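Taking it in order: structure first as structure tokens, then the write-up.
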Amino acid sequence: MTRWTTQQVTALAPDASSLAAARRLARPGPWSDTGSTNTLVWGKCQGSGKMPYQVSVDLTEPAFRCTCPSRKLPCKHGLALLMLWVEGAGSVKDAAEAAGFASEWAAERAARATSSAAARDARAGRAPDPTGQAKRLEERLALMTAGMEDFARWLGDLARGGTASVRSQPYAWWDTTAARLVDAQLPGLADQVRTMASEVNTRSDWPDHLLAAMGRWWTVTRAWSQRDAADDDAAGDLRTVIGWSVSTESVRQRDSLTDRWTVLGAHRTDDGRLQQQRTWLHGQASGEIVQVLDFAAGGQVLPMARVVGSVLEATLARYPGKAVHRALFVDEPVLSDARGELPGAGSVDAAHAKAAATWAVNPWAWRVPVVLGGVRATVLDGGGARRADRRRGPGTTAAPVPSAVVDEAGDGLRLTEDSPVWSLLALTGGHPTDVFAELEGRRARPLSTIVDGELVAL
């Protein structure tokens with residue numbers, strides 16, 4: 001097993017305090033009974049109690065287990081163990097067999113995975129009630145259609161009355177519309193309306209931003225009225241934007257693709273109600289870039305992020321849609337010893353061209369994956385990057401932001417306000433580098449970059 005890099009380990013930390021605590025523990029002193037195989041790393045860490053904590057790490061996902069009371073995932077002990085393993089100084093040696101506590105945990109995980117697969121197969125084998133299904137679907141469609149018609153009227157009233165006064169509207173004005181959309185089983189549109197309630201008060205370019213959103217929302221209402229004429233992929237894009245989920249069983253029955261997938265980057269969001277994790281994968285043979293989405297609500301915990309730069313041998317099933325493609329793992333992926341690379345990088349012009357081509361077939365694709373070649377990160381002084389913001393697309397923004405990337409031609413692309421620009425500058429020293437990013441309108445969010453020939457997370 002090729003040992004990871006320090007950057008890959010630090011990218012797994014749930015927060016800065018856990019990372020700092022792990023660095024203090026990443027020394028041989030408190031550790032005993034350490035070892036590693038191709039898939040597991042384990043060890044015992046002496047804490048304040050009498051018995052040392054048993055720490056195990058499954059490298060294939062990765063997944064962590066520690067007997068300490070911390071609720072963080074991974075905890076400081078799991079991170080510290082990986083740091084010791086990465087150093088390769090003999091503190092965590094290769095072993096033919098895993099320690100008992102680590103192998104038992106791995107066996108329990110394998111048994112749970114097998115049980116879940118069996119349960120899924122059993123559900124798939126149950127004969128559905130076609131009459132009941134048809135009735136429920138008819139009732140839902142009628143409810144959604146009424147909700148769409150109500151939303152279209154709201155948009156029409158907003159357009160006729162003008163948008164100048166919406167900034168003075170209270171949050172309840174937006175939330176009332178969003179609540180009606182939720183009642184009509186259109187949660188995707190409801191989330192967008194609630195987000196707009198905040199953005200009209202925080203963005204300096206809010207008139208343009210709102211107008212672009214209203215245009216997208218109107219196309220959704222028109223597409224819904226013509227949904228019967230849409231093919232499977234177009235209907236899939238429509239379902240995504242309105243928040244109508246597709247069962248994983250039906251996705252697994254669709255076309256699948258087996259490949260070696262490079263983990264290009266990952267990003268997490270949390271709106272207070274739902275956590276989301278996006279993982280971008282690139283098929284080395286197919287050349288396709290897909291996203292795998294994970295969700296967690298309430299007290300649930302998101303799965304550990306895949307290690308950026310790692311290569312997974314896996315079969316993916318793709319959700320219906322023209323672009324951007326979402327996928328899920330059909331079976332548990334196998335971690336390869338190889339290190340992945342970024343696919344062909346292009347200029348800022350090429351990124352805009354890719355976004356335009358994507359929006360031409362799916363106008364509701366808010367995030368477009370792009371690889372930028374030879375770009376230099378910079379912090380703006382208010383003047384902006386050269387020629388940045390000269391192009392417009394769906395959801396375009398014109399408000400100045402404090403950072404951008406600039407390519408060799410001098411074309412700039414502003415970064416989202418939550419972009420890790422300081423990490424990018426620290427890793428690259430301001431020198432040109434290749435970057436994988438999510439393009440949102442005319443702003444980009446870099447997720448990974450090349451450092452010393454290795455793909456690392458930001």
Side-chain angles (χ1 to χ4, degrees), residues 60-61 112-130 132-134 136-137 140-141 144 185-189 191 220 223-224 227-228 230-264 266-267 269 274-283 285-297 300 302-306 312-334 358 361-362 364-369 438:
T60 58
E61 288 199 27
R112 285 196 299 269
T114 301
S115 177
S116 298
R120 185 174 64 244
D121 292 342
R123 289 194 301 269
R126 284 201 299 262
D129 175 13
Q133 282 186 329
R136 288 191 295 271
L137 178 59
R140 174 166 188 166
L141 289 175
M144 296 172 76
Q185 299 193 26
L186 301 168
L189 292 175
D191 287 343
V220 173
W224 178 259
R227 65 186 183 280
D228 292 338
D231 59 31
D232 189 38
D233 286 331
D237 290 329
L238 180 60
R239 290 181 67 129
T240 297
V241 72
I242 66 177
W244 189 356
S245 61
V246 180
S247 69
T248 55
E249 286 80 6
S250 66
V251 175
R252 286 190 171 91
Q253 295 171 6
R254 284 176 48 85
D255 63 317
S256 59
L257 183 61
T258 301
D259 208 334
R260 291 166 60 88
W261 300 92
T262 299
V263 181
L264 297 179
H267 184 69
T269 59
L274 182 70
Q275 300 178 71
Q276 183 193 91
Q277 178 174 269
R278 297 187 298 276
T279 304
W280 295 96
L281 307 174
H282 171 251
S286 64
E288 187 169 350
I289 296 179
V290 300
Q291 61 175 330
V292 176
L293 299 182
D294 295 297
F295 300 94
Q300 294 178 325
L302 284 169
M304 286 301 306
R306 304 283 176 179
L312 308 174
E313 298 178 359
T315 299
L316 295 180
R318 289 167 291 192
Y319 284 73
K322 293 182 178 293
V324 172
H325 287 123
R326 178 187 173 189
L328 57 79
F329 290 106
V330 175
D331 299 304
E332 187 64 27
V334 177
T358 300
V361 296
N362 179 10
W364 312 303
W366 178 236
R367 296 182 185 91
V368 180
E438 299 174 329

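Everything numeric here is computed off the predicted structure, so don't read it as measured data.
Two residues are said to be in side-chain contact when any heavy atoms from C-beta on lie closer than 4.5 Å; H282 and E288 fail this criterion. Side chains of V292 and L281 form a contact here, defined as non-hydrogen atoms less than 4.5 Å apart. Between R326 and V290, the closest side-chain pair of non-hydrogen atoms is not below 4.5 Å. Side-chain contact check for T358 versus V324: some heavy-atom pair is nearer than 4.5 Å. The shortest side-chain heavy-atom distance between W244 and L186 does not fall under the 4.5 Å cut-off. Residues Q291 and R367 form no side-chain contact, since every pair of their non-hydrogen atoms from C-beta on lies 4.5 Å or further apart. Counting heavy atoms from C-beta outward, R318 and S256 have side chains that stay 4.5 Å or more apart. You'll find the side chain of V263 reaches within 4.5 Å of the side chain of T279, heavy atoms only.
Nearest heavy-atom pair across A323 and A365 is O-CB, 3.9 Å. The shortest non-hydrogen separation linking P333 to L312 is CB-CB, 4.0 Å. When all heavy atoms of A266 and A305 are compared, the pair lying nearest together is CB-CB, 4.5 Å. Nearest heavy-atom pair, L316 versus A327, reported as atom, atom and distance to 0.1 Å: CB-CB, 4.1 Å.
Taken from CZ in R227 to CE in M144, the straight-line distance is 8.0 Å, to the nearest 0.5 Å. For the atom pair T315 OG1 and L257 CG, the distance stands at 8.0 Å (nearest 0.5 Å). One finds the CD atom of E313 at 12.5 Å from the OG1 atom of T60 (value rounded to the nearest 0.5 Å). Atom CH2 of W364 sits about 9.5 Å away from atom OG1 of T240, to the nearest 0.5 Å. If you take CZ on R252 and OG on S247, they are separated by 9.5 Å, rounding to the nearest 0.5 Å. With values rounded to the nearest 0.5 angstrom, Y319 atom OH is found 14.0 Å from D237 atom CG.
With D259 contributing its side chain and S286 its backbone, the two residues share a donor-acceptor pair below 3.5 Å. No donor-acceptor pair under 3.5 Å is formed between the side chain of T262 and the backbone N or O of L264.
Using a 4.0 Å cut-off between charged nitrogen and carboxylate oxygen, K322 and D231 count as a salt-bridge pair.
Side chain to side chain, E438 and W280 meet the donor-acceptor criterion of an N or O pair below 3.5 Å.
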Evaluate the criterion salt bridge (Lys or Arg N to Asp or Glu O under 4.0 Å) for residue pair R278 and D294; output intermediate values, then yes/no.
CA-CA 7 Å; R278 297 187 298 276; D294 295 297; over 6 Å; no
